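Taking it in order: structure first as structure tokens, then the write-up.
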Protein chains: 2
Amino acid sequence: MTVTIKDIARLADVSYSTVSKALNDSPLVKPETKKRIIELAAQLGYQPNLAAKSLVSRRSMTVGVILPSLERVALSALVGRINDKLAERSYDVLLSTLPPASAVRLFHRLQMDGIVVFEDIAPEAKHNEPVPSDIPVLSIGVSQVNGAKYAMVDAKRKEAIKDAVHYLTRLGHRRIAYVGDHRDSDDKQQEKVAGFLEGAFECGLSSASALVLDSGGNTWKHGFDAGRRLLLNELPTAVITGTFDLTAGLLRAVQDGGLHVPDDLSLVSYDNVPQLAELDVPVTAVGPPVDLYAEHIADTLLAIMSSDEAARRTVLLESRIEERDSCRKI
Amino acid sequence: MTVTIKDIARLADVSYSTVSKALNDSPLVKPETKKRIIELAAQLGYQPNLAAKSLVSRRSMTVGVILPSLERVALSALVGRINDKLAERSYDVLLSTLPPASAVRLFHRLQMDGIVVFEDIAPEAKHNEPVPSDIPVLSIGVSQVNGAKYAMVDAKRKEAIKDAVHYLTRLGHRRIAYVGDHRDSDDKQQEKVAGFLEGAFECGLSSASALVLDSGGNTWKHGFDAGRRLLLNELPTAVITGTFDLTAGLLRAVQDGGLHVPDDLSLVSYDNVPQLAELDVPVTAVGPPVDLYAEHIADTLLAIMSSDEAARRTVLLESRIEERDSCRKI
DNA sequence: GACTAAAATAACAACGTTGTTATTCATGAG
DNA sequence: CTCATGAATAACAACGTTGTTATTTTAGTC
């Protein structure tokens, strides 16, 4: 049997409402009594029943995060940071890898105060069952199927990759490749490709000297394979990679091929995460810094949660270049 | 404002207790009324408030899973299966990647009916704060620091690897390598090494022909690197790998090195997951099949949850060989 | 058409909290 | 010594459910 405030009340010989006040550090109870009760509670290993709490307060101080998996390093890192940021505001974070529709239903039943969706598809896309409008949903980079329905935080991916092209061009590179996942289904990846092509155009690169390589996926393995293929043909002087994992894999492949980064090949990676500094060669990154990303997600979520007149807003995060040792002037 | 049974009651012009019964398909309400209420509820997008429900029923029908990350394929797969199995028994699963102590506290506050811990360290190891004894905890393969404190499901890793050695020996292999993570901190990995050595001894292999390679980690990358190193020295005729990810990486490395599996090298992998069949070469596996694993975890959890006189039991799962195309007779 | 049994529905208590309102208990002023 | 004042504590209602108990409605009997 779990210990409740009533148990504590009985043992401390006070009423249970006094216990409640004492544990919430209310000024209405005598410091002495308060101390006695708090100590007793700690000793009994009392944990407040969140169900009861949320029932009366109408909020659970809990948010749910829906994600496909934690296999991508950058996503894993981001979720960790979001957890931290929300914990600072005393919210707890729970994860689910269920299909979005089921996860949302579950979170709704659990009275979560907010939901963050990392899926590529909008929650109602599958079964066409609309998400209840009374629970704030923040979707991260989902293609807005039916108008701006949810609040959204997203990265300016196109700008980010474009920035990378400009950056490399300024360093003198005239032959650049973009390596990324190229499946039609995923708009986010498409956006990066578009950024690359626009950037190349703006910098006056010929289409022959702006190579797009389809990695067919976003894992280390895909990056490695792409790096391999890169080595088979005439090399570019610089490569831009679409995700952290791709970068790590590709770096390994080209190093294995006997190339030195940045002497033989410059490298810029999307996914502005600190892990890029820990690779064999610290790699220059573009994209919103993960800390900033997490902070904006947390802030936006808190914003739409507090204003019941849901401020369905879209935040587009600016990219920032994080220069490291993977690029050189030529 | 969320819709409650009282809202439905008002609209249907019945008492809220009737609504409750109708929604729970009680025989005490007229079929006609029942139907009307159920339709109305669906139309309003009603979702039962789990907080209220668990408050009165003293159980949340929810279990929490604590894990370090979902980066390992086999773990990811296992969690997915557990989710399915528990869903069949109408339990919901929530995940947390918080440090075990915090996650347990959170789950306790949320009144979860049970907890599954996938961490390498016991929950109380960090801050020495004991887990409340009133919430059933099932730990997966944790080294039992202070006696058999929690229920536990674990794999007979030692036997599994030993089986692999015997299997390969029967096929005629006399020079076998084991590739795995070798950090002292992780007992699970140590167990596999021990299995390898014992197996080698039993099969009469000389210590020179039973190689142990430390991969230094359990990811694709570590496997790849280990494969690379393998190629540098005199090759064994067969390799046993400690995890799915190691196998995938190592397979790639040796294929890159111009070897053919199984003609030039036989391969057996720990982690009995179906994903092994989808690699370039379908790889023979040892270890408890993931389905069986998930089922036992679900069953054991349900068992210790139902018997309040907690049946703190330990289940050790037998390994099974899943033969595929990665081994040949010599 | 009054009476009973059964069926249907309504009313109520409880779960563990919090916030509000009511009560008790000192303390000090007159 | 009585009374007002304020501090400390107790009692109570409410949150959204479920299960139990009480009440109403319906149908069947004579």
Side-chain angles (χ1 to χ4, degrees), chain A residues 1-38 40-41 44-62 90 92 108-113 132 134-135, chain B residues 1-38 40-41 44-62 90 92 108-113 132 134-135:
Chain A
M1 188 64 168
T2 312
V3 36
T4 73
I5 50 172
K6 293 192 182 176
D7 300 322
I8 300 176
R10 204 177 315 115
L11 290 170
D13 203 31
V14 292
S15 79
Y16 64 86
S17 53
T18 303
V19 174
S20 169
K21 288 173 189 55
L23 294 177
N24 289 323
D25 199 25
S26 156
L28 275 63
V29 8
K30 190 155 63 169
E32 190 187 325
T33 324
K34 199 187 287 186
K35 190 172 162 235
R36 186 162 55 95
I37 292 177
I38 291 176
L40 186 55
L44 294 176
Y46 168 77
Q47 290 289 346
N49 183 329
L50 222 49
K53 215 166 182 162
S54 81
L55 196 55
V56 58
S57 69
R58 321 295 288 274
R59 29 197 270 150
S60 61
M61 296 307 281
T62 303
S90 59
D92 286 312
H108 185 196
R109 285 202 301 267
L110 283 165
Q111 309 299 116
M112 309 246 129
D113 293 337
D134 50 7
I135 175 161
Chain B
M1 189 61 169
T2 311
V3 36
T4 74
I5 50 172
K6 293 192 181 175
D7 300 321
I8 300 176
R10 206 176 314 114
L11 291 169
D13 203 31
V14 292
S15 79
Y16 65 85
S17 54
T18 302
V19 175
S20 169
K21 286 174 188 56
L23 294 177
N24 289 324
D25 200 25
S26 157
L28 275 62
V29 8
K30 190 154 65 169
E32 189 187 327
T33 326
K34 198 187 284 184
K35 191 174 162 235
R36 187 162 56 93
I37 292 176
I38 291 177
L40 187 56
L44 294 175
Y46 168 77
Q47 290 290 345
N49 183 328
L50 221 50
K53 215 167 182 163
S54 81
L55 196 55
V56 57
S57 70
R58 323 295 288 275
R59 32 197 267 150
S60 62
M61 297 306 283
T62 304
S90 58
D92 287 311
H108 185 196
R109 285 201 302 265
L110 283 164
Q111 310 297 117
M112 308 246 128
D113 294 337
D134 49 9
I135 175 162

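Lettering follows sequence order; numbering is per chain, from 1. All values derive from a computational prediction rather than experimental measurement.
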**OP:** Kindly give the heavy-atom pair with the smallest separation between Ser60(A) and Asp113(A), and that separation in Å.
**Re:** N-OD1, 3.0 Å
Subject >> Sub-4.0 Å heavy-atom contacts from residues 48-55 of chain A onto DNA chain C, ordered by number >> reply: Pro48(A), Asn49(A), Ala52(A), Lys53(A)
Original post:
NZ of Lys21(B) to OG1 of Thr18(B): how many Å apart, nearest 0.5 Å?
Top reply: 6.5 Å
Original post:
With the sugar-phosphate defined as primed atoms, P, OP1 and OP2, and the base as all remaining atoms, what B/S/- string results for nucleotides 7-14 of chain C, 5' to 3', for protein heavy atoms under 4.0 Å?
Top reply: -SBBBBB-
Subject >> Inter-residue atom distance Thr62(A).OG1 - Leu50(A).CG, 0.5 Å rounding >> reply: 5.0 Å
Original post:
Counting side-chain heavy atoms from CB outward, which of dT18(C), dG16(D), dT18(D) is closest to Thr4(B)?
Top reply: dG16(D)
**OP:** Please report the closest heavy-atom contact between Thr2(A) and Asp7(A), naming both atoms and the distance.
**Re:** O-OD2, 3.6 Å
**OP:** Please name the pair of heavy atoms, one in Ala41(B) and one in Leu23(B), separated by the smallest distance, quoted to 0.1 Å.
**Re:** CB-CD2, 3.8 Å
Original post:
Looking only at heavy atoms, which two atoms of Ser90(B) and Met61(B) are closest? And how far apart?
Top reply: O-CE, 3.5 Å
Original post:
When the distance from CG of Leu110(B) to P of dT17(C) is rounded to whole Å, what number comes out?
Top reply: 13 Å
Subject >> Asn49(B) side chain to Ala51(B) backbone, donor-acceptor under 3.5 Å >> reply: yes
Subject >> Gln111(B) CD to dC15(C) P, straight-line distance once rounded to whole Å >> reply: 14 Å
Original post:
Rounded to the Å, how far apart are Asp25(B) CG and dT18(D) P?
Top reply: 13 Å
Subject >> Closest heavy-atom pair and its distance - Ile8(A), Val3(A) >> reply: CG1-CG2, 4.2 Å
Subject >> Atom-pair distance (CD on Gln47(A); C1' on dT17(C)), nearest Å >> reply: 15 Å
Subject >> Distance, rounded to the nearest Å, where Glu32(A) contributes CD and dA7(D) contributes C1' >> reply: 14 Å
**OP:** Write down the distance between NE2 (His108(B)) and P (dG16(C)), rounded to a whole number of angstrom.
**Re:** 12 Å
Original post:
With sugar-phosphate meaning primed atoms plus P, OP1 and OP2, does Ser20(A) contact a base, only sugar-phosphate, or nothing at under 4.0 Å between heavy atoms?
Top reply: base
**OP:** Please name the pair of heavy atoms, one in Ile5(A) and one in Ser20(A), separated by the smallest distance, quoted to 0.1 Å.
**Re:** CD1-CB, 4.3 Å
Original post:
For dT18(C), does either OP1 or OP2 sit under 4.0 Å from a side-chain N or O belonging to Arg58(A)?
Top reply: no
